[in-house]
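One structure is given below, encoded as structure tokens.
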Amino acid sequence: MKNDYVLVVLKPDVMAKGLMGHVFSRLSETGLELVAMKILSVSRELAEAHYHHLEGQAFYGDIIKYLQGKLHGQHKVVALVYAGKNAIAVCRDITGATNPEEAEPKTIRGSLGRITTKGVYENLLHVSSEKEEALREIKLWFTPEEIGSDIFPTKVEMIKSFKKKVWK
Ligand code: IDP
Ligand code: MG
């Protein structure tokens with residue numbers, strides 16, 4: 001594979017605090033290529049699938065609500081896929097440690113994150129942590145049509161009947 005890929009999600013606190021432009025600038029400065037982007041409301045199903053490996057943790061219920069925007073007035077999230085050399089490490093470096101109080105001050109989480117009085121780590125971004133996770137997450141969050149180029153192998157299937165929302 002020529003490139004590494006990473007899923008980055010701007011969580012609802014980024015939107016609620018008006019930090020989208022700032023976070024984009026920080027991500028753009030990495031020089032990585034943006035290959036997909038969308039804004040969406042996260043369903044409970046998507047949040048649970050995304051964090052399935054953390055089920056059972058004391059903070060699991062909170063992070064499901066957090067990703068769905070339920071802690072921030074139903075704000076949406078922005079999901080991004082970046083490509084480039086060491087994309088995961090590059091994005092995690094500028095993002096900083098999971099616990100915003102432990103993150104280096106100049107990282108995004110270190111400068112702008114907080115732990116709420118209820119103990120929620122409001123740490124602004126999700127960033128895939130390794131290649132296998134990135135592959136799983138990108139396929140969970142995006143369809144092949146939503147990604148400009150075929151970054152992973154695809155196939156064409158005949159779909160007989162399905163429900164789809166269309167313009168009236
Ligand atoms: P990461 O986002 O840095 O990869 P993960 O371990 O994958 O960290 O955890 C996913 C999310 O769960 C974190 O971004 C954070 O919002 C939350 N989280 C992780 N550990 C804790 C904790 O000890 N207390 C509260 N929230 C946590
Ligand atoms: Mg993680």
Side-chain angles (χ1 to χ4, degrees), residues 1 3-20 22-30 32 34-142 151-152:
M1 206 184 285
N3 275 324
D4 290 328
Y5 298 96
V6 61
L7 176 79
V8 177
V9 179
L10 278 49
K11 297 189 197 178
D13 46 331
V14 172
M15 315 306 274
K17 290 176 169 175
L19 292 171
M20 196 173 77
H22 175 81
V23 173
F24 261 134
S25 296
R26 300 284 296 268
L27 290 164
S28 303
E29 283 162 12
T30 62
L32 295 169
L34 181 60
V35 296
M37 172 167 123
K38 65 176 172 181
I39 184 165
L40 72 157
S41 295
V42 176
S43 65
R44 185 172 182 88
E45 291 69 34
L46 176 57
E48 287 180 350
H50 179 73
Y51 282 135
H52 78 101
H53 56 294
L54 294 172
E55 197 177 348
Q57 298 288 335
F59 53 84
Y60 179 73
D62 282 339
I63 58 174
I64 298 300
K65 284 191 205 142
Y66 175 20
L67 200 59
Q68 288 181 269
K70 291 188 172 173
L71 308 182
H72 295 90
Q74 302 297 331
H75 274 280
K76 297 185 178 189
V77 306
V78 175
L80 311 158
V81 178
Y82 281 96
K85 197 162 177 256
N86 299 323
I88 293 172
V90 166
C91 288
R92 285 196 73 94
D93 279 356
I94 63 159
T95 296
T98 304
N99 179 338
E101 300 298 330
E102 288 174 2
E104 291 295 323
K106 286 188 177 160
T107 60
I108 295 170
R109 287 171 170 174
S111 56
L112 299 164
R114 66 168 187 158
I115 301 180
T116 68
T117 49
K118 293 193 173 132
V120 177
Y121 288 9
E122 285 191 359
N123 58 7
L124 303 119
L125 297 181
H126 166 77
V127 182
S128 314
S129 59
E130 38 101 349
K131 273 191 185 186
E132 281 307 305
E133 187 180 275
L135 183 83
R136 184 189 81 84
E137 291 176 350
I138 292 167
K139 290 180 176 177
L140 177 66
W141 284 74
F142 288 91
I151 64 174
F152 305 129

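Note that this is a predicted model, so its numbers are computed, not measured. Note that ligands are numbered from 1 as they come in the structure, with each ligand's atoms numbered from 1 the same way.
- Closer than 4.0 Å to atom 6 (O) of ligand 1 lies none of the heavy atoms of the protein.
- For ligand 1 and Arg109, the ligand atoms under 4.0 Å from any heavy atom of the residue are 1 (P), 2 (O), 3 (O), 14 (O).
- Side-chain contact between Ser41 and Lys76: present, with at least one pair of heavy atoms (C-beta onward) separated by less than 4.5 Å.
- Those atoms of ligand 1 with a heavy atom of Leu54 less than 4.0 angstrom away are 9 (O), 10 (C).
- A 4.5 Å side-chain heavy-atom check between His22 and Leu112 finds at least one atom pair inside the cut-off.
- Of the N or O atoms in Ser129, none lie within a sub-3.5 Å distance of an N or O in ligand 1.
- Test His126, Glu133, Lys131, Glu132 against Ser129 for side-chain hydrogen bond (donor to acceptor under 3.5 Å, both in side chains) and you get one pass: Glu133.
- With a 4.5 Å cut-off on side-chain heavy atoms, Tyr121 and Arg109 do not count as touching.
- Applying the ring-ring contact (aromatic ring centres under 6.0 Å, His included) test between Tyr5 and each of Phe152, Tyr82, Trp141 identifies Phe152 as the sole match.
- Comparing heavy-atom distances from atom 11 (C) of ligand 1 across Tyr121, Tyr51, Tyr66, Tyr60 singles out Tyr51 as nearest.
- When Val77, Ile64, Leu40 are each tested for a side-chain contact (heavy atoms from CB on, under 4.5 Å) with Leu46, only one passes: Leu40.
- Side-chain atoms of Ile108 and Leu19, non-hydrogen and from C-beta on, never get closer than 4.5 Å to each other.
- Residue contacts with ligand 1: Gln57 is excluded, as none of its non-hydrogen atoms falls under 4.0 Å.
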With side chain to side chain contact (heavy atoms under 4.5 Å, CB included) as the criterion, how do His50 and Leu7 come out once you've worked through the C-alpha distance, each side chain's angles and the decisive distance to 0.1 Å?
CA-CA 11 Å; His50 179 73; Leu7 176 79; 4.2 Å; yes
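- Annotation for ligand 1: atoms under 4.0 Å from non-hydrogen atoms of Ile63 are 12 (O), 16 (O), 17 (C).
- Nearest-residue assignment for atom 3 (O) of ligand 1 (options Thr95, Asp13, Asn123, Thr98; heavy-atom criterion): Thr98.
- Of all protein heavy atoms, the one closest to atom 18 (N) of ligand 1 is Phe59 CE1, 3.5 Å.
- At a heavy-atom distance under 4.0 Å, no atom of Glu130 approaches ligand 1.
- The single protein non-hydrogen atom nearest to atom 4 (O) of ligand 1 is Arg92 NH1, 3.1 Å, given as residue, atom name and distance.
- Every atom of ligand 1 is numbered from 1 in the order shown, and the set under 4.0 Å from a heavy atom of Lys11 is 14 (O), 16 (O).
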